[in-house]
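Okay, so here's the structure we're looking at.
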Number of protein chains: 2
Amino acid sequence: MDKVFKALADSSRRKLLDRLRIRNGQMLGELCEGLSMTRQAVTKHLHILQRANLVATRWRGREKLHYLNPLPIHEIAERWIKKFEHGRLQVLADLKKNLEGDTDG
Amino acid sequence: MDKVFKALADSSRRKLLDRLRIRNGQMLGELCEGLSMTRQAVTKHLHILQRANLVATRWRGREKLHYLNPLPIHEIAERWIKKFEHGRLQVLADLKKNLEGDTDG
DNA sequence: TTGACAAGCAACCATTAGGTTGCATATTAT
DNA sequence: ATAATATGCAACCTAATGGTTGCTTGTCAA
């Protein structure tokens, strides 16, 4: 779980995931196109995404294809974010109450 | 958006949010209890959460109370994660197809 | 088989992040 | 007033992060 959060913390990596969502199965070179970063930098980002299990790869000859795995993101939504969404209105009510009602100082 | 992702990337900070979710409106000292970290470290984490708009504060005398704001988390779920959940099954189907069906090399 | 292409590996660098320590400030209770 | 409490501020340190460069390896096409 921590690896996923860490992986998602960088905007370049989120951009890479976005690209794969739009077109899955791209090779490294394709993913590098248009980015102001060296190939090596992209490689490192992709490795981090792989270690977080957000990206799976497959060789086709000399080409390495990258596939998005949205499951970890789904799990975060399910196991973590939902906790906070559940209490959303409640917490907002609390906040309002505390910021307004309690202004006695 | 980036600040929120960055803020959520650290497990200590996620823990602090958890604590506030369980009991909202805690002061610094309370949030420090039981953590193997100095008060200053916690302060820094809370500042990062504040800058990401995940935590709001309010002074009551010399005590600084901290309130959870789950809205940014909700927005991430809405604007970002849903994109990936939407295509989840599709992408998994693609992945399966590409990993199995195409094994001609 | 030679050259071009796709990617890997390793060393290095600058910046940021997480954490500590020491001291200052403001509020409360005695 | 004084002491204890609750927090802030600033400097400092180490390790991790994001990035670069140079060189090597493997694969495909001519």
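Each chain gets a letter, A, B and so on, in the order the sequences are listed, and its residues count up from 1. Note that the structure is a prediction, hence the values are computed from the model and not measured.
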Just how far, in rounded Å, is [atom2] of [N] from [atom1] of [X]?
X	N	atom1	atom2	result
A:R60	C:dC5	CZ	P	18 Å
A:Q50	C:dG8	CD	P	8 Å
B:M37	D:dT14	CE	P	20 Å
A:Q26	C:dA6	CD	C1'	15 Å
A:D10	D:dA16	CG	P	18 Å
B:K6	C:dG18	NZ	P	10 Å
B:L8	C:dA17	CG	P	15 Å
B:K44	D:dA10	NZ	P	12 Å

For a 4.5 angstrom cut-off between non-hydrogen side-chain atoms, does [X] reach [Y]?
X	Y	result
A:L16	A:L49	yes
B:Q26	B:H66	no
B:K44	B:T38	no

Checklist line | Options D:dT7, D:dT20, C:dG19, nucleotide nearest the side-chain atoms of B:W59 | finding: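 The answer is D:dT7.
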
Any donor-acceptor pair under 3.5 Å joining the side chain of [X] to the base of [N]?
X	N	answer
B:K64	D:dG8	no
A:Q40	C:dG8	yes
A:R39	C:dG8	yes

So, is [X] close to the [N] phosphate, meaning a side-chain N or O under 4.0 Å from OP1 or OP2?
X	N	answer
B:T38	C:dT20	yes
B:H45	C:dA17	no
B:R62	D:dA4	no

Checklist line | Intermediate values then yes/no, salt bridge (Lys or Arg N to Asp or Glu O under 4.0 Å), B:D10 and B:R14 | finding: CA-CA 6 Å; B:D10 186 272; B:R14 293 198 301 275; over 6 Å; no

Next item on the list: Show the numbers, then the answer: is there a side chain to side chain contact (heavy atoms under 4.5 Å, CB included) between B:N69 and B:L54?
Entry: CA-CA 5 Å; B:N69 177 20; B:L54 283 160; 5.7 Å; no

